[in-house]
Amino acid sequence: MRAVSRRRAHPAEPRSARVSGIALLVAASAALVVVPALPASAHNYLVSSTPAEDAVVTEQPGTVSLETNDDLLEVEDGAVIQVRGPDGRFYGDGCTAVAGASAETQVVLGAPGEYTVGWKVVSTDGHPISGTWAFTWQPVDGIALAEGSDEPGACGGTSAAAPEASAPADESDAPGESSEAASAAPTDALWIVGGVLLAAVAAIVTWLVVRRRA
């Protein structure tokens, strides 16, 4: 008689292993959907300023500047820094220069007291952001003081629109971030929710297919 060889049947793959594989696939899909969407809608935020907020300045600073977390866009009238003294007058030439993630303006201060800096720049995603900070000017004897002007400085003969001050932001988040920048949060949430829903649909469809074939 001819010997009949029998091939040992391998046990079927446990369903738990298949489910684990599906879960990993779904998680990876969700990451691919959600992660790229977040930076696309992120706005710049203020990292530091000179003079610093609440600083006491005793020498003419020469410039007032700010730095954000990412490069700024250079667009016409996109960057504005205005310095206003305790007398309500404006100080500076009205010209704001952008270099990378920073913006600055030339300033000679006048009357001692608290100065308020209002600023507006265009973040790397094309959205304008704005804010304010204040510092105290206590010049030492012999420092030359500027007279200031009733209107903001006109760079190139054109006065820039005054930046709209935004509510102070929590330092644990993005200090100096404008209300418009903060409005990005709902958009980010929509992207995340959309990614989660898409992943859930993919998981359900995959489960139904596997169950039907099982």
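Position 1 is the first residue of the sequence; numbering continues from there.
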Are Val107 and Val140 connected into the same hydrophobic cluster when the rule is that any two of I, L, V, M, F, W, Y join if their side-chain heavy atoms are below 4.5 Å apart? yes
Would a single hydrophobic cluster contain both Val57 and Ile143, if residues Ile, Leu, Val, Met, Phe, Trp and Tyr are joined by side-chain heavy-atom contacts under 4.5 Å? yes
Less than 4.5 Å apart, any side-chain heavy atom of [X] and any of [Y]?
{"X": "Asn44", "Y": "Leu72", "answer": "yes"}
{"X": "Trp133", "Y": "Asp54", "answer": "no"}
{"X": "Thr132", "Y": "Val117", "answer": "no"}
{"X": "Pro139", "Y": "Leu145", "answer": "yes"}
{"X": "Val64", "Y": "Pro51", "answer": "yes"}

Under 3.5 Å: donor-acceptor pair, side chain of [X], backbone of [Y]:
{"X": "Trp137", "Y": "Tyr115", "result": "no"}
{"X": "Thr105", "Y": "Cys95", "result": "yes"}
{"X": "Gln60", "Y": "Leu109", "result": "yes"}

Determine the minimum heavy-atom distance between Ala79 and Thr96, stating which atoms define it. O-CB, 3.5 Å
Can you name the nearest heavy-atom pair linking Glu151 to Phe90, along with the distance? C-CD1, 3.6 Å
Kindly state each residue pair satisfying salt bridge (Lys or Arg N to Asp or Glu O under 4.0 Å) with at least one member in residues 84-103, sequence neighbours excluded. Arg89-Asp150
Passing option when His43 is tested against Thr124, Thr68, Asp125 for side chain to side chain donor-acceptor pair (under 3.5 Å): Asp125
